[in-house]
Amino acid sequence: MKVAVIGLGAMGSLALWQLAQQGVKAVGFEQFGLADARTGVGGESRLFRTAYKEGPQYVPLLKRARVLWRELEAQTGQALLHLNGGLTIGHPADEAIARVLQSIEQFAIDHQRLAPAEARARFPAHRFSDDEVVIFDRESGYLRPELAVTSALRRARDLGAEVHGHSPVARVEQRGDGVWLELAGAWQRFDKVLVTAGGWVKRLYPALGSPVFTRKLILSWFPARDIAAFSPERFPIFTRRSQGYFSFGVPSLEGSMVKVGISTPGHVVEHPDQVDLRISEAELADTRHVIQHFLNGLDPDPVRSSGHLDAYSADSHAVIGHPPGQPGVLLVGGFSGHGFKLAPAIGEAATALLLGRPAPVSVSAFNLHRLPVFH
Ligand SMILES: Cc1cc2nc3c(=O)[nH]c(=O)nc-3n(C[C@H](O)[C@H](O)[C@H](O)COP(=O)(O)OP(=O)(O)OC[C@H]3O[C@@H](n4cnc5c(N)ncnc54)[C@H](O)[C@@H]3O)c2cc1C
């Protein structure tokens, strides 16, 4: 069986590795260079969380992803996943806090719920108010996305896969004898095709409706007065919803700056190829507010900011399934700003589905036809 993968970002690169590992003849096409900064892979780190605010139904997939990240590390000799712990901060009435607590209870996640005084003593880089819930768990941390993607692709290549950078696929057509792809004006035939095109998926599938859309997300790096206070040992990753600001952060990985981002919906992008990925002052206002009101010791002027695209779905859960009239194509996307950590488990599931087998950890909850995604 010959399988093409369109888009070698988070899902495509990890799927290519899984396909190659299953002995499938796999060919990957990426429109840009590998691990390009414009995609969902750019920006040096991605949160890995197991006490999951998006819902406890993700925990089996997250646990499987963790096993597979460790497997990829063992195969490549690269350190990709660093579990330095994570803080969840929010108001007790917040549904996200309830879902984190449900994940912890159902799956016995090693954690501590900290009283405000204890939280302030242990994590002085944060400002906590007395009515906030603070949960510290040990099954969270961060991934190195560019390294993860390039490592997966290198390993896939070693196992026999082909990797083609700077190769945009223009069209996908299901015909009687397989699935045909148009690249640089020529058509190539495959038995099956996996589409993992992230924020660019509507260029291949213009019939995808409004339940799937692309967003620009912003990451910023801030200088610290005492950078040692933001080292991975002292500053766990965090997600926080306070006073309507939903933020996240990662410790200093290169020793001079701390990355903080805002998860409140970024702006919707109609044409991913024309979007301006530079960051305006207005776009930084919420992140500055977070730095000034909820953190101690960071300078509110970022020394670096960047914009990156991801595909969202109307309910913020992934969409996985066959586009109408294309039984040989599996479309996987819509990870809504939280998919990176899941990538190896999704890659494994996609491989199984393409081979006509059940996914080792079910992804049926993400069936694309639950939403009116196609016109
Ligand atoms: C700023 C930001 C921060 C995030 N933080 C986190 C986090 O902390 N934790 C977490 O788990 N997730 C996080 N996410 C989400 C996660 O990164 C994405 O959900 C994930 O990358 C989506 O994977 P994907 O493969 O669908 O898309 P991508 O990773 O974007 O990959 C899609 C790839 O397809 C390529 N492509 C598109 N069209 C074509 C074509 N026609 N031909 C060839 N190639 C094509 C693109 O160039 C791209 O490389 C974040 C996302 C962003 C943008």
Side-chain angles (χ1 to χ4, degrees), residues 1-31 34 61 64 68 149 152-153 155-165 167-184 186-198 200-208 212 311 318-335 339 342-369 373-374:
M1 161 132 45
K2 197 173 174 194
V3 175
V5 178
I6 305 178
L8 299 178
M11 305 304 152
S13 63
L14 274 296
L16 200 76
W17 168 52
Q18 290 288 319
L19 284 162
Q21 196 149 256
Q22 293 293 315
V24 174
K25 175 82 197 123
V27 183
F29 299 105
E30 167 56 46
Q31 63 179 343
L34 304 182
L61 210 52
R64 182 66 192 148
L68 292 170
V149 163
L153 291 175
R155 181 65 185 150
R157 233 191 227 127
D158 289 347
L159 292 166
E162 285 178 37
V163 174
H164 300 281
S167 301
V169 174
R171 272 191 291 175
V172 182
E173 275 187 22
Q174 177 85 54
R175 299 183 192 164
D177 61 347
V179 186
W180 288 76
L181 303 186
E182 188 191 353
L183 276 125
W187 288 89
Q188 299 185 29
R189 196 200 78 85
F190 295 89
D191 297 303
K192 295 276 174 76
V193 169
L194 175 63
V195 177
T196 46
W200 290 263
V201 67
K202 280 194 177 178
R203 215 177 44 198
L204 286 171
Y205 288 95
L208 273 172
V212 176
V319 289
I320 299 180
H322 305 292
Q326 297 196 330
V329 177
L330 186 68
L331 181 74
V332 170
F335 287 91
L342 297 166
I346 297 291
E348 182 183 58
T351 298
L353 296 176
L354 286 163
L355 297 179
R357 300 177 190 150
V361 178
S362 174
V363 290
S364 60
F366 305 132
N367 190 317
L368 109 163
H369 298 295
V373 284
F374 280 97

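Owing to the predicted nature of the structure, the values given are computational and were not obtained by experimental measurement.
His164 places no side-chain N or O within 3.5 Å of a backbone atom of Gln31 that could act as its donor or acceptor partner. No donor-acceptor pair closer than 3.5 Å links the side chain of Thr196 to the backbone N or O of Leu8. For the pair Asp191 (side chain) and Lys2 (backbone), a donor-acceptor distance under 3.5 Å is present. No side-chain donor-acceptor contact under 3.5 Å links Thr351 to the backbone of Ala349.
When every heavy atom of Ala156 is checked against every heavy atom of Ala20, the shortest pair comes out as O-CB, 3.8 Å. Residues Pro344 and Gln18 approach most closely at O-CG, 4.3 Å, considering heavy atoms. Looking at every heavy atom in both residues, Val212 comes nearest to Lys202 through O-NZ, 2.6 Å. When all heavy atoms of Leu354 and Met1 are compared, the pair lying nearest together is O-CE, 3.9 Å. Taking every heavy atom of both residues into account, Leu194 and Ala350 meet most closely at CD1-CB, 4.0 Å. Nearest heavy-atom pair, Ala359 versus Ala352, reported as atom, atom and distance to 0.1 Å: CA-CB, 3.9 Å.
Side-chain contact check for Arg175 versus Trp187: some heavy-atom pair is nearer than 4.5 Å. In this structure the side chain of Lys192 never reaches within 4.5 angstrom of the side chain of Val329, judged on heavy atoms. Side-chain contact between Leu204 and Val195 is present, with heavy atoms from C-beta onward closer than 4.5 Å. Contact check for Leu342 versus Leu61: side-chain heavy atoms found under the 4.5 Å cut-off. Counting heavy atoms from C-beta outward, Leu208 and Val201 have side chains that approach closer than 4.5 Å. Proximity of Gln174 to Trp180: side-chain heavy atoms (C-beta onward) are nowhere separated by under 4.5 Å. The closest side-chain heavy-atom distance from Phe29 to Leu181 is below 4.5 Å. At a threshold of 4.5 Å between non-hydrogen side-chain atoms, the residues Gln326 and Tyr205 count as touching.
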- Item | Gln188 vs Leu183, side chain to side chain contact (heavy atoms under 4.5 Å, CB included): CA-CA, chis, key distance, verdict | CA-CA 8 Å; Gln188 299 185 29; Leu183 276 125; 3.8 Å; yes

- Message: With side chain to side chain contact (heavy atoms under 4.5 Å, CB included) as the criterion, how do Leu355 and Val24 come out once you've worked through the C-alpha distance, each side chain's angles and the decisive distance to 0.1 Å?
- Response: CA-CA 9 Å; Leu355 297 179; Val24 174; 3.7 Å; yes

- Show your reasoning for whether side chain to side chain contact (heavy atoms under 4.5 Å, CB included) applies to Leu159 and Arg155. CA-CA 6 Å; Leu159 292 166; Arg155 181 65 185 150; 3.7 Å; yes

- Message: Applying side chain to side chain contact (heavy atoms under 4.5 Å, CB included) to Leu330 and Val193, what does each step give before you reach the verdict?
- Response: CA-CA 6 Å; Leu330 186 68; Val193 169; over 6 Å; no

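The line from CD of Glu348 to CG of Leu68 is 4.5 Å long, rounded to the nearest 0.5 Å. Taken from CG in Leu153 to CG in Leu16, the straight-line distance is 6.5 Å, to the nearest 0.5 Å. Rounding to the nearest 0.5 Å gives a distance of 9.5 Å between OG of Ser364 and CG of Leu353.
Salt bridge annotation for Glu162-Lys25: present, with a cationic side-chain nitrogen under 4.0 angstrom from a carboxylate oxygen.
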